[in-house]
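Read the structure below first, then the notes.
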Amino acid sequence: SQQGEEDPQALSIQEGENATMNCSYKTSINNLQWYRQNSGRGLVHLILIRSNEREKHSGRLRVTLDTSKKSSSLLITASRAADTASYFCATALTGTASKLTFGTGTRLQVTL
Amino acid sequence: GAVVSQHPSRVICKSGTSVKIECRSLDFQATTMFWYRQFPKKSLMLMATSNEGSKATYEQGVEKDKFLINHASLTLSTLTVTSAHPEDSSFYICSARELGDAYNSPLHFGNGTRLTVT
C-alpha cells in the first residue's frame, strides 16, 4: 500500500515562480527523501531529511518535515522550465531502514 | 559517482517468452538492490529486495516464480520476467544503495526498462 500521498497531483506554473509540493505519510519514519523523475527515466535523489530535522536546504530546494503532522513539503524557488518533472517523496519506515516507500507523486509543469 | 546502469532500456517480447533485465552499480558496491515497477503516471511499487548472495525478499502479492531475481555479485542484480504476458507490460526500475549507513543514504536509480509484451 502507498505510504505517502502527495498534493497536488499536478502543478502548472510559470518560470520564475515558486513551486510547493506536499507529502503526507502514515507511520513513523527514519527519514524522508525527495526524488525527481523525468518522463520515462529513472529517479534522481534530491534531498534527504532525517526524522530529527525540521528543515533542509539544497540550492533552490527547501524541504520541511513535521513529524507531529506526518507531513513534508518541497519548495522549489525561482523555477525553470528544466524543473518540469514528477516529484516523489519517499519514506524509510522505522525499523526498515533499507526499504523506501514512495508517494503518489506531483507532476510539475513549468512553462516559459 | 554512484551510477546505476540498467539494461535494456526498452524490450518488446512475445507472450510466453522470458525477459532478463540487468542492473549494475558501476562505481560502487551494493549488497542490496531494489526492483520497482511503475505504471503510467503512477508511483513506484516495490517488487522485491535483492540481496547479494542470498534469496530475494518479495513484497506481498509479487510472484517470486514469475519475477526471478538473482544478485550474483556486489555490482549486479538481474530480474527475469518469466513466461511474460501482456499484463506484465510496465516500466521496471532498479535501484541500489552504497554500502554504509542504510538509515541516512539515498537510493541510486537506473534509467528503467520499458517492457512491452505482445
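Only heavy atoms go into these numbers, but all of them, side chains included; no hydrogens, no water, no symmetry mates. Note on naming: letters A, B, ... go to the chains in the order of the sequence lines (proteins, then strands), and numbering restarts at 1 for each one. Since the structure is predicted, the reported quantities are computational estimates derived from the model, not experimental observations.
Listed by chain and number, the residues in a side chain to side chain contact (heavy atoms under 4.5 Å, CB included) with B:Ile12 are B:Thr116, B:Thr118 (sequence neighbours excluded). Residues passing the salt bridge (charged side-chain N to carboxylate O under 4.0 Å, His left out) test with A:Glu55 are A:Arg62, sequence neighbours excluded.
The closest donor-acceptor contact from the side chain of B:Ser43 to the backbone of A:Gly103 lies under 3.5 Å.
Heavy atoms closer than 4.5 Å to chain A are found nowhere in B:Gln6, neither backbone nor side chain. Residue B:Gln60 does not touch chain A at all, counting heavy-atom pairs closer than 4.5 Å.
Under the 4.5 Å side-chain criterion, counting only non-hydrogen atoms from C-beta, A:Leu100 is in contact with B:Arg97. Side-chain contact between B:Leu44 and A:Tyr35: absent, with no pair of heavy atoms (C-beta onward) separated by less than 4.5 Å.
Both A:Leu11 and A:Leu61 belong to a common hydrophobic cluster when Ile, Leu, Val, Met, Phe, Trp and Tyr are linked at side-chain heavy-atom distances under 4.5 angstrom. Following chains of ILVMFWY side-chain contacts shorter than 4.5 Å, one can reach B:Leu46 starting from B:Phe109, so the two form part of one hydrophobic cluster. Following chains of ILVMFWY side-chain contacts shorter than 4.5 Å, one can reach A:Val63 starting from A:Tyr87, so the two form part of one hydrophobic cluster. Note on A:Leu75: it does not cluster hydrophobically with A:Trp34, by side-chain heavy-atom contacts below 4.5 Å among ILVMFWY residues.
Taking a 6.0 Å sphere around CZ of A:Arg54, one finds it holds more than 12 heavy atoms contributed by other residues, nucleotides or ligands. More than 12 non-hydrogen atoms from other residues, nucleotides or ligands lie less than 6.0 angstrom from NZ of A:Lys56. Residue-environment remark: NZ (B:Lys66) exceeds the threshold of 12 foreign heavy atoms within 6.0 Å.
Annotation: residues 38-47 of chain A contacts chain B through A:Gly40, A:Arg41, A:Gly42, A:Leu43, A:His45 [non-hydrogen atoms, separation under 4.5 Å].
Applying the 4.5 Å side-chain rule to ILVMFWY residues, one finds B:Val11, B:Val19, B:Ile21, B:Trp35, B:Met47, B:Tyr58, B:Val62, B:Phe67, B:Leu79, B:Val81, B:Tyr92, B:Leu115, B:Val117 in the same cluster as B:Ile69.
Nearest heavy atom pair, residue A:Gln37 against residue B:Phe91, reads NE2-CE2, 4.0 Å.
Between B:Leu107 atom CG and A:Lys99 atom NZ the span is 12.5 Å, to the nearest 0.5 Å. Remark: A:Phe88 CZ to B:Gln38 CD distance equals 5.0 Å, nearest 0.5 Å.
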